[in-house]
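Just so it is clear, the values below take in all heavy atoms, side chains as well, and ignore hydrogens, waters and symmetry mates. Residues take their numbers from the sequence shown, with the count starting at 1. Source: prediction; values computed, not measured.
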Amino acid sequence: MRTGESLEGVAFFKQLSADDEFCMELGKAVLAAGRLEAELIKYINDRGLAENTNKANLGKLVRFAKKHELLELMVPALEILNDQRNYLAHNIYALFSGLVEETILPRTELIDSDIDVFTERAWQLSENINGLADIVADYNENT
């Protein structure tokens, strides 16, 4: 139950990491990113352009697509989602520890109900990544 309690820094992180719904949505976003990576690898490999992409992460795959002028209209969205995914998956604790700037997500003037905002952001990220993965999968099937 949310009480409107003010939480700052690591105290907010502790509440966030203990929230089952947030963790579930973050997990879905991580799984969606893995799916998008696999669809991009397949897309690249199917075009005979594989340069050891089988272990490449999303950022490397996006740079590869940009370099080889693949999925040109999608690259800006892929770059944004990669940045959002990286921030959410890799920088949450650093954000609340003051090690990274407050850019994509807030770290100040938070209350316990802001956990719902973070949960919504993770859900939206998952939806957006899955949407792009669907598009790449369609390209793979239809080209």
Side-chain angles (χ1 to χ4, degrees), residues 1-45 47 49-142:
M1 183 171 95
R2 312 279 192 233
T3 63
E5 174 187 2
S6 177
L7 293 170
E8 295 284 329
V10 174
F12 186 85
F13 173 82
K14 287 179 181 179
Q15 291 291 324
L16 187 65
S17 65
D19 188 85
D20 290 340
E21 190 175 353
F22 170 75
C23 291
M24 178 182 70
E25 294 302 337
L26 180 58
K28 287 180 181 180
V30 170
L31 290 172
R35 177 180 171 230
L36 179 57
E37 288 170 349
E39 292 294 351
L40 288 169
I41 289 168
K42 186 174 186 295
Y43 182 85
I44 291 166
N45 290 348
R47 277 139 193 86
L49 297 172
E51 290 180 9
N52 198 18
T53 57
N54 288 332
K55 293 185 181 181
N57 63 29
L58 185 56
K60 285 184 180 181
L61 293 166
V62 172
R63 287 188 296 278
F64 185 89
K66 189 173 187 176
K67 175 183 172 184
H68 293 279
E69 298 178 347
L70 301 172
L71 305 167
E72 291 178 273
L73 296 176
M74 190 182 295
V75 166
L78 288 168
E79 290 173 329
I80 290 168
L81 289 179
N82 183 56
D83 288 345
Q84 292 173 349
R85 189 277 318 247
N86 285 346
Y87 195 84
L88 195 59
H90 301 298
N91 291 323
I92 288 289
Y93 188 80
L95 171 68
F96 293 113
S97 297
L99 297 173
V100 298
E101 287 185 43
E102 186 177 8
T103 56
I104 294 173
L105 295 168
R107 79 163 159 235
T108 56
E109 300 181 22
L110 297 171
I111 58 175
D112 61 355
S113 62
D114 286 323
I115 290 170
D116 297 333
V117 173
F118 281 70
T119 302
E120 172 70 21
R121 289 282 186 94
W123 173 83
Q124 190 63 65
L125 179 61
S126 175
E127 290 292 307
N128 292 344
I129 292 172
N130 272 318
L132 285 181
D134 288 343
I135 293 168
V136 176
D138 285 346
Y139 281 164
N140 285 335
E141 290 177 15
N142 298 315

Asks: Using side-chain contact (heavy atoms from CB on, under 4.5 Å) as the criterion, list what pairs up with L73, not counting sequence neighbours.
Replies: none
Asks: Quick one: does N142's side chain have a donor or acceptor within less than 3.5 Å of a partner on D138's backbone?
Replies: yes
Asks: Under a 4.0 Å N-O cut-off, is there an ion pair linking D134 with R35?
Replies: yes
Asks: So, Q124 versus N128: side-chain donor-acceptor pair below 3.5 Å or not?
Replies: yes
Asks: Could you list the residues that satisfy side chain to side chain donor-acceptor pair (under 3.5 Å) with N140, not counting sequence neighbours?
Replies: E39
Asks: Do D19 and Q15 touch side chain to side chain, with heavy atoms closer than 4.5 Å?
Replies: no
Asks: Got a second to check how far Y43's OH is from T53's OG1, nearest 0.5 Å?
Replies: 13.5 Å
Asks: Please determine if E141 and K42 form a salt bridge, counting it only when a charged side-chain N lies under 4.0 Å from a carboxylate O.
Replies: no
Asks: With the side chain counted from C-beta on, respond yes when L71 and L40 share a heavy-atom pair under 4.5 Å apart, and no when they do not.
Replies: yes
Asks: Around atom OH of Y87, are there more than 12 heavy atoms of other residues, nucleotides or ligands at under 6.0 Å?
Replies: yes
Asks: Could you work out, with side chain to side chain donor-acceptor pair (under 3.5 Å) as the rule, every residue matching E8, not counting sequence neighbours?
Replies: none
Asks: So, E37 side chain and L58 main chain: donor-acceptor pair closer than 3.5 Å or not?
Replies: yes
Asks: Suppose we screen for side chain to side chain donor-acceptor pair (under 3.5 Å). Which residues come up paired with N91, at least two apart in sequence or across chains?
Replies: none
Asks: I want to check something: taking the side chain as every heavy atom from C-beta on, are F12 and S17 in contact at a cut-off of under 4.5 Å?
Replies: no
Asks: Does some side-chain heavy atom of T3 sit less than 4.5 Å from a side-chain heavy atom of I111?
Replies: no
Asks: What distance separates L78 CG from D83 CG, expressed to the nearest 0.5 Å?
Replies: 11.0 Å
Asks: Compare all side-chain heavy atoms of L81 with those of V62 and state whether any distance is below 4.5 angstrom.
Replies: no
Asks: For the side chain of S97 and the backbone of Y93, is there at least one donor-acceptor N/O pair under 3.5 Å apart?
Replies: yes
Asks: Applying salt bridge (Lys or Arg N to Asp or Glu O under 4.0 Å) as the test, list every pair that has at least one member in residues 106-129; sequence neighbours left out.
Replies: R2-D116
Asks: What pairs meet the salt bridge (Lys or Arg N to Asp or Glu O under 4.0 Å) rule with one or both residues in residues 70-81, with sequence neighbours excluded?
Replies: K66-E79
Asks: Can you tell me how far the CG atom of L110 sits from the CD1 atom of I115, to the nearest 0.5 Å?
Replies: 9.5 Å
Asks: Nearest 0.5 Å, please: how far is CG in L88 from CG in L26?
Replies: 5.0 Å
